Structures are given as C-alpha cells and as structure tokens.
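A quick note: this is a predicted structure, and the numbers were derived from the prediction, not measured. Numbering of residues begins at 1 and proceeds along the displayed sequence.
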Amino acid sequence: MSSARKIIIDTDPGQDDAAAIMLALGSPEEIEVLGITTVAGNVPLTLTARNARIVCELCNRTDVKVFAGAERPVARPLITAEHVHGKTGLDGPELSEPTMPLQEQHAVDFIVETLRTEAPGAVTLCTLGPLTNIALALTKAPEIAPAVRELVLMGGGFFEGGNITPAAEFNIYVDPEAAEIVFRSGIPIVMMPLDVTHRVLTRKARVEKIRAIGSPAAVALAEMLEFFERFDIEKYGTDGGPLHDPTVIAYLLRPELFTGRDCNVEIETASALTAGMTVVDWWQVTGRKHNAKVMRHIDDEGFFDLLTDRLARI
C-alpha cells in the first residue's frame, strides 16, 4: 500500500504555480496528485486550465487529470495579474499548446466527489490561487469539511503587508468572500503568507542550478522564473523575486524547513481600503479561537535544495 500523501492541487498557473506543480510531480514516492483543479486568478480560467496541462506535459505526466473550475470570484469581478505573469500566465519560454484533454467534470464537483469517496482525513488540499473552488465546494457540500486532512495555502500576509494593495496579498484579495468561507470552515489550515514567501528569492545562482539540470521541465522553469522575477526585482530591489507557491508543496515534503504558530486569522471583506487583508492575531491579543497555523520563517537554502533535487527527478 502506498504511503504517499494524497493531495488535490487547486491552482491558477502562474510561473510560481508551475514550480509548485513540478515539485509535487517530482516527488511521487511522497505525494500522490489525485487531480489538479484550476481557478481564475493570475490569468482567466481558459488560460489556467491550459497552463496546468502544459506543466503536466513538461513533466511527462499526462496521467494527471486537470479540471477547470470557477471562472470568477464568489461575489466580485475578476482581477488578474498579467502585469506580473505575462499575457499567458507562463510567459518566458516558448511553450507548445497542450494535447492532453481537459476533464469534462467541473473542478468543484471533482473536489466534492473525491472527498466523499476517499477515506476521511486522507486528502490534503493544496491551494495556490484564489480560494473560489474550495469555497464553492464547501457551500455545495458542507459535510466534506471534516473529511479534509489539512488545507495548505499560499495566501495572505501580516508583517509584510500586501502585494496587490498595501493591506492585501493577491490570492486573498481576488476573492476575500471565498477566503472567509474557508477560514471559518473548521478545516485544519496551514498558511504560507508573504512573510514566508518573500524569503525564498530566485537568485541568479539558484535559477542557474535549475537550468543546469537540462530537462525540458527544468529549462522551461528557469526561463519562466527569469521572466517572472523581473517585476519583483524592480518592485523590491532584490536579487530575484519571491517564489511563492512551491512553499505549499515544500511544507508537505519537509515541514521542518518552516516555523510558525497557531493563530486566529480573519478575512476583511467590507472595507474598501483593506479588502482581502488577512488579520492575523499573531500576538494572541483577541482571545479568538485559533483557525490556522501561520508560518513566518523558512530555511530558504533548504527549500531551494529540495526544489532543485526534485526537479532533477522529473
């Protein structure tokens, strides 16, 4: 019997999403990807569904099923991030159109069906984009919440503030109503905020190690990261840009790379000024019940060693 951890990756690729998917697919002994569900976020849904299949094909994993989900947030117009990711979401390398099929089943229905079918506590949800699909699944079938082993998400920020507004991180900002549903669901949550992801920078030497692997997946990712980092280098003045989403998969593989604490996290949905803000009670001043383990620190060298090692296995 396989001891690999069963996961669903919910994503809006995005170059850093591509890196996260590659990290998972490069770790088959430890992670079993039951399916990849896509959501509108970094780019519209037609492109995120396309991009997820491109990444699977780069990894020679056409057996992984990809499902398209929500094309807009629960209660707001869609906001995208082509200014960061380019018009395709995976700008940088020359990429062929995918040939593997998109599944006919809606992503939300796949999530609900899988959590109903698998043993309780068997499936981890790994969310790399707006939480729309997960919120819709919980709304449609509230009974699935106790069946989730854990939800590990990239989203939010506290000490680092926001990256799309002064207060909000992009994934939460795009659909704060969905995030509110998820954070109030009772599912065990591990949160990878900007406070963690801003510590894992795509420095030139790190990208060159990835390129030197020489495989189609590694070379394509190196070219993606060179495009992706240009926005953050200009914005932050750093050597490389933050590599956000792979921290979610890295946590499943090497949790000892991270440190954080249990907190209460509330999502701001009403304020025009701070919509999408993750209000983290880091100092435990409110007495509100803990609902997430919020990570703050990461061993960045250990993270890139892990990513490079697993890319070399593809």
Side-chain angles (χ1 to χ4, degrees), residues 2-11 13-34 36 52 55-56 58-61 64 92 124-129 149-155 190-226 228-229 232 238-260 293-314:
S2 172
S3 61
R5 186 164 181 167
K6 295 181 178 182
I7 72 169
I8 295 171
I9 299 176
D10 190 67
T11 180
Q15 292 92 346
D16 55 330
D17 304 72
I21 295 168
M22 290 180 184
L23 179 56
L25 296 182
S27 307
E29 296 84 6
E30 294 165 271
I31 290 178
E32 179 184 353
V33 180
L34 299 178
I36 296 175
V55 175
C56 290
L58 282 170
C59 297
N60 295 314
R61 289 296 305 275
V64 177
T124 297
L125 301 177
C126 298
T127 64
L128 314 179
R149 173 176 174 177
E150 196 170 43
L151 188 151
V152 187
L153 69 92
M154 188 279 127
V190 178
M191 175 175 158
M192 296 292 166
L194 298 178
D195 305 277
V196 165
T197 67
H198 280 183
R199 297 173 185 268
V200 286
L201 300 178
T202 57
R203 295 183 178 133
K204 184 176 180 179
R206 291 167 170 171
V207 175
E208 288 307 313
K209 282 185 179 180
I210 291 172
R211 190 195 315 277
I213 294 168
S215 66
V219 172
L221 182 60
E223 293 176 355
M224 288 182 204
L225 296 181
E226 286 177 331
F228 175 61
E229 70 183 7
D232 288 320
T238 51
D239 175 14
L243 192 55
H244 306 285
D245 291 333
T247 58
V248 168
I249 306 301
Y251 176 78
L252 301 184
L253 297 168
R254 296 291 181 269
E256 67 274 11
L257 295 174
F258 301 84
T259 57
K293 182 178 290 294
V294 180
M295 295 301 161
R296 189 173 178 189
H297 298 288
I298 182 173
D299 174 355
D300 59 318
E301 290 295 341
F303 166 84
F304 275 99
D305 287 346
L306 173 65
L307 177 62
T308 305
D309 173 71
R310 298 311 167 88
L311 287 167
R313 301 183 186 188
I314 294 173

### Task
Mind running side-chain contact (heavy atoms from CB on, under 4.5 Å) on L225 and I210 for me, showing each step along the way?
CA-CA 10 Å; L225 296 181; I210 291 172; 4.2 Å; yes
## Note on the structure
Minimal heavy-atom distance between V294 and P193, with the atoms involved, is CG1-CG, 4.2 Å
### Minimum heavy-atom distance A52-I36, with the two atoms named
CB-CG2, 4.0 Å
### Task
Flag the pair V248 / L128 as yes when at least one side-chain heavy-atom distance between them is below 4.5 Å, and no otherwise.
yes
### Query
So which heavy atom on M154 is nearest to which on L194, and how close?
CE-CD2, 4.0 Å
#### Entry: By side chain to side chain contact (heavy atoms under 4.5 Å, CB included) - contacts of A19 (at least two apart)
L221, L243, P246
With a cut-off of 3.5 Å and sequence neighbours excluded, list every side-chain donor-acceptor pair involving residues 307-314.
from : atom 1 : to   : atom 2 : distance (Å)
T308 : OG1    : F304 : O      : 2.8
D309 : OD2    : R313 : NE     : 3.2
D309 : OD2    : R313 : NH2    : 3.0
R310 : NH1    : S27  : OG     : 2.8
R310 : NH1    : E30  : OE1    : 2.8
R310 : NH2    : E30  : OE1    : 2.9

### Task
Provide the closest heavy-atom pair for L34 versus K6 in the form atom of the first, atom of the second, distance.
CD1-CB, 3.9 Å
### Query
Would you say R199's side chain and R296's backbone share a donor-acceptor pair under 3.5 angstrom?
yes
### Query
F258 vs Y251 aromatic rings, parallel, tilted or perpendicular, using cut-offs 30° and 60°?
perpendicular
#### Entry: Pairing residues for R61 by the side chain to side chain contact (heavy atoms under 4.5 Å, CB included) criterion, not counting sequence neighbours
L25, C59, D63, V64
### Task
Rounded to the nearest 0.5 Å, what's the gap from CG on D299 to CG on D305? Could you check?
8.0 Å
### Task
Report yes if some heavy atom in the side chain of V55 is under 4.5 Å from a heavy atom in the side chain of M22; otherwise report no.
yes
### Task
Identify, with sequence neighbours excluded, every residue that meets side chain to side chain contact (heavy atoms under 4.5 Å, CB included) alongside T124.
R5, I7, C126, R149, E150, V152, L252
### Query
Are the side chain of T247 and the backbone N or O of M192 linked by a donor-acceptor pair below 3.5 Å?
no
### Task
Have a look at P242 and tell me which of T202, L201, V196 forms a side chain to side chain contact (heavy atoms under 4.5 Å, CB included) with it.
L201
## Note on the structure
CD (E301) and CG (L257) are apart, to the nearest 0.5 Å, by 11.5 Å
### Query
Looking at residues at least two apart in the chain, or sitting in another chain, which of them share a ring pair (Phe, Tyr, Trp, His ring centres under 6.0 Å) with F303?
none
## Note on the structure
Minimal heavy-atom distance between L58 and A220, with the atoms involved, is CD1-CB, 3.9 Å
### From CA spacing to verdict: side-chain contact (heavy atoms from CB on, under 4.5 Å), I249, I31
CA-CA 9 Å; I249 306 301; I31 290 178; 3.7 Å; yes
### Message
Looking only at the side chains, is there a donor atom on one of D17 and T11 sitting less than 3.5 Å from an acceptor on the other?
### Response
yes
### side-chain contact (heavy atoms from CB on, under 4.5 Å) assessment of L23 paired with L253
CA-CA 10 Å; L23 179 56; L253 297 168; 3.9 Å; yes
### Query
Stepwise, does the side-chain contact (heavy atoms from CB on, under 4.5 Å) test hold for R203 with D300?
CA-CA 11 Å; R203 295 183 178 133; D300 59 318; 4.0 Å; yes
### Query
With sequence neighbours left out, which residue pairs that include part of residues 209-221 fulfil the salt bridge (charged side-chain N to carboxylate O under 4.0 Å, His left out) condition?
E208-R211, R211-E226
